[in-house]
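All values derive from a computational prediction rather than experimental measurement. Side chains are part of it too, since the values below use all heavy atoms of this structure and drop only hydrogens, waters and symmetry mates.
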Amino acid sequence: MSKVGIALIVDALERGGAERLLVSLANHLDPEKYKIHVVTTRTPGALAKELFPHVKFHCLNRHHRWEILALSHFAQIIKEQNIRIVHSHCHSSAYLVEFVRAFFHLECFHVMHDHLGPVEASPWIRRLDRIFLKKVDLYFGVSEQLIQYAI
């Protein structure tokens, strides 16, 4: 049986709860069953050096939200590494995944793990959520408030 390709994606692996959770998940997924990739969209961040050797690390070095080279690079990683599951850890990473899936016609399962606090106050984020997060395959919110917001 071949290994399933999984990519965990976040803007940067700085020292925060979502980032620490991502590193822990990546390090402890079974490397006998999964090809594990961690992707940061902007910079590596301090926690990148804590990834275990079996975890492949990719940095898109994105400077702007819709930077086409970074989006294309992410699509290339998904295709070349045969990624079947993408696990995003923030809204902006989830937007990027959904845009890339649609624009490059990629078929991968998208799990969004929402760690943000209340987002109802931002009309900008609410609009982006309505556009990009409708297609997320599986959503996890860390609080009842986030789950209600997502519903």
Side-chain contact test, heavy atoms from C-beta onward, threshold under 4.5 Å: evaluate it for Phe74 versus Ile9 and give yes or no.
-> yes

Contact check, side chains of Lys56 and Ile36, non-hydrogen atoms, under 4.5 Å | no

Check for a donor-acceptor pair, side chain of Glu19 on one end and backbone N or O of Arg15 on the other, with a separation under 3.5 Å.
-> no

Could you go through residues 21-31 and list every donor-acceptor pair under 3.5 Å that involves a side-chain atom there, pairing it with any protein atom two or more places apart or in another chain?
unit_1	atom_1	unit_2	atom_2	d
Asn27	OD1	Phe52	N	2.7
Asn27	ND2	Val23	O	3.4
Asn27	ND2	Glu50	O	3.1
His28	ND1	Ser24	O	2.9
Asp30	OD1	Glu32	N	2.8

Check whether more than 12 heavy atoms from other residues, nucleotides or ligands sit under 6.0 Å from atom NZ of Lys135, and answer yes or no.
-> no

Out of curiosity, Leu60 CG to Ile77 CD1, how far, rounded to the nearest 0.5 Å?
-> 5.5 Å

Do you reckon Phe103 sits in the same ILVMFWY cluster as Val136, going by side-chain contacts under 4.5 Å, direct or chained?
-> yes

Between Ser72 and Phe104, the two heavy atoms sitting closest are CA-CZ, 3.7 Å

Same cluster (ILVMFWY, side-chain, under 4.5 Å), Val38 and Ile83 = no

Is Phe57 close to Leu13 at the side-chain level, that is, under 4.5 Å between some pair of heavy atoms?
-> yes

Flag, side chain of Asp137 to backbone of His110, donor-acceptor distance under 3.5 Å = yes

Kindly determine whether Leu133 and Met112 satisfy side chain to side chain contact (heavy atoms under 4.5 Å, CB included), including the steps that lead there.
-> CA-CA 9 Å; Leu133 301 185; Met112 180 189 179; 3.8 Å; yes

Pairwise distance CZ(Arg20) to CD(Glu14) - rounded to 0.5 angstrom = 11.5 Å

Can you tell me how far CG of Leu106 sits from CD of Gln76, rounded to the nearest 0.5 angstrom?
-> 11.5 Å

Which heavy atom in Gly141 sits nearest to a heavy atom in Ile147, and how many Å separate them?
-> O-CD1, 3.9 Å

Are Val39 and Val111 co-members of a hydrophobic cluster defined by side-chain heavy atoms under 4.5 Å apart?
-> no

How many angstroms lie between CG in Leu138 and CD1 in Ile85, if you round to the nearest 0.5 Å?
-> 10.0 Å

Within 6.0 angstrom of Phe140 CZ, more than 12 heavy atoms from elsewhere | no

If a pair satisfies side chain to side chain donor-acceptor pair (under 3.5 Å) and one of its residues is in residues 34-44, list it, with sequence neighbours excluded.
-> Asp11-Thr41, His37-His58, Thr41-Arg62

Between the OG atom in Ser92 and the CG atom in Leu128, the distance rounded to the nearest 0.5 Å is 10.0 Å

Please answer: with hydrophobic residues joined when any side-chain heavy atoms are less than 4.5 Å apart, are Ile6 and Val86 in the same cluster?
-> no

Glu107 atom CD: more than 12 heavy-atom contacts under 6.0 Å = no

When clusters are formed by joining ILVMFWY residues with side-chain heavy atoms under 4.5 Å apart, either directly or through shared neighbours, do Tyr95 and Leu146 land in the same one?
-> yes

Between atom OG of Ser93 and atom NE2 of His113, what is the distance when rounded to the nearest 0.5 Å?
-> 13.0 Å

